[in-house]
Amino acid sequence: MNAIVISAIWGVVMMFSGIFSKNNTVIRGTALTGLALLILVNILEMNGVLLFKVNLHGMLYFDSFNLLFNTIAFGSTFLYAILSGRDMEKVGRSVSDYFALIFFILCGVAISSSFNTLLMLFLGIEIMSIPLYILTGTDKRNLKSNEASLKYFLMGSFSTGLMLMGITLIYGAKGSFNLETISLGTGALTPMVSAGLLLLLFSMSFKVSAAPFHFWTPDVYDGAPTVFTSFMATIIKSAAFIAFLRLFDDAFGEMHPHWQLVVSIVTAATLLIGNITAVFQQSVKRMLAYSSIAQAGFMMFALVALNNLGRQGLIFYTAAYSVATIGVFAVLIKMKDYTFEGFNGLAKRQPVLAATTAIFLLSLAGIPGTAGFMAKFYMLAAAVSNGHVMWLVIVGVLCAAISVYYYFRVIQAMYFKEGDAQEMEVSSIFKALLVIMAAIVVLLGLFPQWLLDKLNYFF
Amino acid sequence: MIPVLLIVIPLLSGLAAFFLKGEKGVKTWALLSTVITLAVSLLGLTVLNKAANLHTEVEWLPLLGSKFSVGLDGMGQVLCLLTAVAFPMIFVATWNSSYKNAHNFYAFMLLSQAGLMGVFLAYDALLFYFFWELALIPAYFLCSQWGGEKRIAVTFKFFIYTFIGSLLMLVGIIYLYLHTPDQSFALESFYKAVLTSKEQGWIFWLFFIAFAIKMPVFPFHTWQPDTYEQSPTAVTMVLSGVMVKMGLFGVLRWLAPVLPMATWLNGDTVALLCVIGMIYASLIAMQQDDLKRLIAYSSIAHMGLMCMAIFVTSDQGLQGVMIQMFNHGINIIGMWIVVELIERQMHTRKISELGGLAQKAPGLAIMLVVVALANVALPLTNAFIGEFLLFSGVFNSTVSKVGYVFAAAGGVTIILSAVYTLNMIQRVFFGNTNTLTGAMRDIKFNERFVLGVLVIVILVIGVYPRPFLELTQGSVDTILSRMIIKHPS
Amino acid sequence: MYSTLLAFDWLFLIEKLVLIVGIVSISLVIAMYETWAERKVAAFMQDRRGPNRAGPMGLLQPLADGLKLFMKEEIIPNTSNRMLFILGPCLAMLAAMMTSAVIPWGGKIDFFGREVNLQIADINIGILYIFAVVSMGVFGIMIGGWASNNKFSLMAALRGASQAISYELPMGLSLIALLMLTGSLKMSAIVGQQLDGTWNVVYQPLGFLIFLICAFAECNRTPFDLPEAENELNFGYHQEYSSMKLGFYLFAEYINMFISSAVMATLYFGGYDIPGVNDAHLTETVGVNLMALFQALTLFAKIGFFIFLFMWVRWTIPRFRYDQLMNLGWKKLVPLALANMIITAAVVLWLKK
Amino acid sequence: MYLLQVSSVAQNPDNSFWYFPIGLQLLFAIVFVGAMMGVTHWLGPKRNTADKLENFASGIKSHGDARQPMAIKYFLVAILFVLFDVEVIFFYPYAVNFRALDWDGFWAVLMFVGFFLCGFIYIIKKGALTWED
Amino acid sequence: MNIEYYIVLSIALFCIGIAGVLTRRNAIIIFMCIELMLNAVNLLLVAFSKMHHLKGVAANPNAGIDGQLFVFFIMVVAAAEVSVGLAIIVMMYRNVHSVDVNFLNRLKH
């Protein structure tokens, strides 16, 4: 609750910061302060300090699971803001507004990770989505950005419509929006419930860009200003996943056997499409878009398995994936040429950037010693321990191997190919931050115990 | 203590090497580090050979039931020794080669040594997997940065192959982990895992594919000749001398004892694959004009033999495998060193373009002949001991009903191997010199030193293998006991 | 709900039909004569005579005007969108004609033992209904202006539309304060409360003022007649129109004026409440039907006053500039209405204690 | 005389049947408007010429299509209206029930108004309502 | 009236909306179809709300009220979507002079 209130208020503060100050440094400072504050109050809440006494009427539900996720999301955003905050100025003039939107999105993130009724789920998802439509289109003069924004908007609101219909049908059948009430009962499927379930599944798949509802993702990620693609591909996606998992776990967990197969097929399709298509991309940005689809496939494992390993793993995955992706994007933003060739010879010009990027990519590929490995490990373990979906595990493993192909293309370009890497202005602070992030990735990979302890605290 | 040192010394010195400047300094640094490692390894074998020194266990991921558990048993001793010996040899032998960005090159070399050590030492499946990949990644970077013209594509193929294999293995590990009684990754727990024979069956293949790709066994071998050909020779030495042993080692420690029933059931299938691979590789080797490819294919044949021996197993066979793993490493490194020396001077590896080198470089020729003869397992060389044990093991197999067939097929490959090896010696070293080979000079001191050491090792083991056999006997017994106890009566 | 048509209350249907026809015709007639009144008022203010040829005091002038509109040639510009071009005025007129449905025109009458309400539909969301229908009027303007495919029309339509919607905000807000007093959205209930009590305008003077201003703007009347500013936009959004389609637009405007007067009277000035008289007491003396007549007449008197106010303002106050208009609406009225609302809420709650 | 009895329908104020007269009025209005359009169409003369059917621009030659992007300001007003109007809509249920909700409800609404004002001040400061430029 | 009527009507509206989204090419029409979908949902929610209210009113006078509450929120969110969406469409139109989604292929390779 702390985080929800503070993020909403700070969003307003950010809105006005642009009016009272034209100095971007001040604005960025305010935003960073806000993010730090968010992390702080969230940690306070994890330790039982509630700043606001609000009667929630059971609309929201806070446990350490979603609080921990919030911390990770805010932390990632903090890293993101330090790394790429300066690049927002290149997109447009209203930096304060971008930050305000990001804070509102974070409010949505906090809501959609802690919803306890479908109403809050809907609100959370929408509070996340609507500012994103805007962020996607912030590069007003750029047709690609416009187009991405329109596409995202149309697809997003379409899926919202589906979701609402699903919610309504569930409501019609169960008489409540409350997750506990919905999950009551024998778990039998009436036509109305199954239709609602399917619609919810579709719409959530839309939001997390799982195949076959992924088709907007590459275009949107590609068209959006890279700074915001980074944000979209990480924090938003993670939050949508948490919501997805909580919905299908808390509300429909009883019916798991009924929908497991469908979700498994969706997962397999996501993995295959994401990975195979990513192989054929020429632009790194687009490749990352497809790779995010592929990663979504892995996160779906948590849903397929629906056990504690999966839940823990999803949190771990979001952390690992977010940090690595933010890092790669932070480097990508600095580049002028987004093709693979653009990375040629980067290792010579910018050894630090190249090395850290390589570590991030290794993490995304799931090489042991990086956080990405532990994440994938958890997901595979969850699916294996579920026992019914070994075929999916094998598909996942093969896809992970495919993913190596395109992640390593970047590494190859950076290290093994000759080329005049582009001129970039990179401050030493930026480099230092990248190194810190790479260190986080590696430390999480080698000593995941820290995060695991937190995870174990509530499982 | 010893195992930790074996891993940490190369690891830290490797990381440090990234930041060193100056080619000479880096070379010295790397050599120093590997020599220390060798020393530690030898100490472990002799003075400090006490149980307390050979095992270390530290909490790592208690939640997952994984520990940083490393230890040396007989088999590990042998392979660690091989690793420890191989690297200084390689560094000395390639002392005169110069590499672009030498500090990175040596750093990756040292890291891969750390990975290899870890693989041979790990007593925890997750840790094993970690090191398995840690050994792979530096090799990938080494090959694709300092290799031949087609290096990037070829190395990538190698990497993807291995990676697919290791991911499959990961699935297997996870499955086993979830079926251990105490949810742990420890080797001991893995032995206790309760599995039906069906489960064992397919987990077997998950593991086996990973190891088979590494060795490589017949249908999974296609990466190997290309990679050996394209890699810088120093890396090829690591790959073929040490890294392929990871596959065999994996089978011996993680596959056969853990999944005895499946191993028993699938033994013939695997052996058949090995036989096909051996004959096929030998036949291809005979056609090769490229020295590196020739040795590469011969390596496939030799590895196939060892793999076959594990699966149609007996006491002698396993004993043979253990010793042969070491021997093959030594021999093939020797072969590569010779190739490297030739290539560095002649700038070609084509057999057809060479000839008469013995006149110009007699020292090299003598060394090569010894190493090559060892490679074809002539008596009095080390490989003879190993292959003899292997063959007798296979021939007397209690597991396979057709062990003698396999043995016969293996025998054919020995003959073939003799044919192409001798043919190669004949064409490269004897006959008339041509314009190219006329300029050949004999080998320098450091190279002579390395080859000399290798030759000595070859001959010593060939004559007096007993210490080795005693060293590995314990491991053989352990493995066999696991396998036989779990065999259905 | 009703299994057979026979069970249907046919008399109810007839009753309502009569009421509808009656009220709509009255509003049409009033609208017609508003045009006449407008000219007369204008003439009076400008010290002229106004229309005086057709009939006594020019009373037949509106009829003549109407007939003229009927007989004119229909012109639909060839670049326009034909269907929308026709739809525009129809919508404007429809919206204007629908508004009268929820206004209570008087008390009950007793028709041979049957109690008849002088209100077409006494729905429980009366005020919202008025809002809804009035906003439909914007469509008429917008569609007509756009369909004409004339820059002047489009400009005027845009102005009209944004003006109308801008002033809807403070209007809604000012009504909320009123609602807090009445506690009901039902028009009859609102009137009922004022019948024997104080008129709402006493409690809500500020609210009334805001509402009044907004009503002016909604009707596109001076000083807010920007959409028809002749000197800037020729003839406004209906400049491509001729014949009865033009007539509809003009008519709709006058009907709206009438209706908003009626709404103002109902909401703030007691509706059909006869001032200074105890209604219940009087009903007993004169009987229900006569009382209803008195009440209706009272209401129409109040409406007449407001209509006059409309005209008075039109001929005295100059037109705003567009930015002034928007500034007034957004920057003055909205905060004022909000403050009014909050203060009302606080005071009511405080008094309740 | 049974028929003259007040119908039960008319008595029940909450019944959705009360919307029936509105439908009736709508029908009536549509018929009326349609009829008027028909009549004027029938009565008026039809002597179309090309000049007459051109757009009227006070005698000036008209330039191009009128359907071009207009000033964004109008549009902005429309969007702001949608947003603020929806916020205003939220006051209605409150206004009807605010006595029952008492001071708690008042503070809640005050907060809501606070947000409303924040947005309002923001758009004013951002110049969304500035028409002078 | 029976709830089935409402369900059928809403589903019909909803399907019309979906069909429109999938087949039409004009961004504004697509958008309107989406709004149609939302309104179908609103209708159904209110119907369900009434149904649950009648079913549970004896035990709880507020039974089924949450459905109508939900409608309010849908309306708000729809309004927000409208404003953002229209802004995006206008932005698009000013750059491309078209709202046809078939023109949106700059991102395809």
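Here is the naming used below: chain letters follow the sequence lines, and residue numbers restart at 1 for every chain.
Taking CZ of Phe84(D) as the start and CD of Glu168(C) as the end, the distance is 15.0 Å to the nearest 0.5 Å.
With respect to chain D, the highest number of heavy-atom pairs below 4.5 Å among Ile127(C), Ile23(C), Val334(C) belongs to Val334(C). Per-residue heavy-atom pair counts under 4.5 Å with chain D were compared for Met244(C), Met180(C), Lys16(C), Met93(C), and the maximum is reached by Met180(C). If you tally non-hydrogen atom pairs under 4.5 Å between each of Ile124(D), Asp85(D), Leu26(D) and chain C, the highest count goes to Leu26(D).
Counting heavy atoms from C-beta on, the side chains of Leu175(C) and Tyr92(D) come closer than 4.5 Å. Side-chain atoms of Ser100(C) and Gln25(D), non-hydrogen and from C-beta on, do get closer than 4.5 Å to each other. No side-chain heavy atom of Tyr167(C) sits under 4.5 Å from any side-chain heavy atom of Phe81(D). For the pair Phe106(D) and Trp350(C), the minimum side-chain heavy-atom distance is 4.5 Å or more.
For Leu178(C), no part lies near chain D; criterion is any non-hydrogen pair under 4.5 Å. No part of Leu67(C) comes within reach of chain D, as not one of its non-hydrogen atoms sits under 4.5 angstrom from that chain. Using a 4.5 Å cut-off between heavy atoms, Ile30(D) touches chain C through backbone and side chain atoms alike. The part of Leu338(C) that comes within reach of chain D is its side chain, from C-beta onward, which places non-hydrogen atoms under 4.5 angstrom from that chain. In this structure, the portions of Leu80(D) lying under 4.5 Å from any heavy atom of chain C include both its backbone and its side chain. Looking at Ala96(C), neither its backbone nor its side chain comes within 4.5 Å of chain D, counting heavy atoms on both sides. The contact between Leu17(C) and chain D is made by backbone and side chain atoms together, counting heavy-atom distances below 4.5 Å. Proximity to chain C is limited to the side chain of Val113(D), based on heavy atoms less than 4.5 angstrom apart. Asp102(D) touches chain C through backbone and side chain together, each having a heavy atom under 4.5 Å away.
The two atoms that bring Ala95(D) and Leu179(C) nearest to each other are CB-CB, 3.9 Å, heavy atoms only. Closest of all the heavy-atom pairs between Pro21(D) and Ile20(C) is O-CD1, 3.7 Å. Smallest separation of non-hydrogen atoms from Thr40(D) and Leu69(C): OG1-O, 4.0 Å. For the pair Val21(C) and Phe28(D), the tightest heavy-atom approach, listed with the atom from each and the gap, is CG2-CE1, 3.8 Å. For the residue pair Tyr94(D) and Ala345(C), the shortest heavy atom distance occurs at OH-CB, 4.4 Å. Taking both residues in full, the closest heavy atoms of Met98(C) and Ile22(D) are given as CE-O, 3.7 Å, listed atom of the first, atom of the second, then distance.
Side-chain N or O atoms of Arg99(D) include none that pairs as donor or acceptor with a backbone N or O of Val348(C) at under 3.5 Å.
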Working for side-chain contact (heavy atoms from CB on, under 4.5 Å), residues Phe248(C) and Val33(D): CA-CA 9 Å; Phe248(C) 272 178; Val33(D) 169; 3.5 Å; yes
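Classification of the Tyr322(C)-Tyr74(D) ring pair by plane angle, with boundaries at 30° and 60°, yields tilted.
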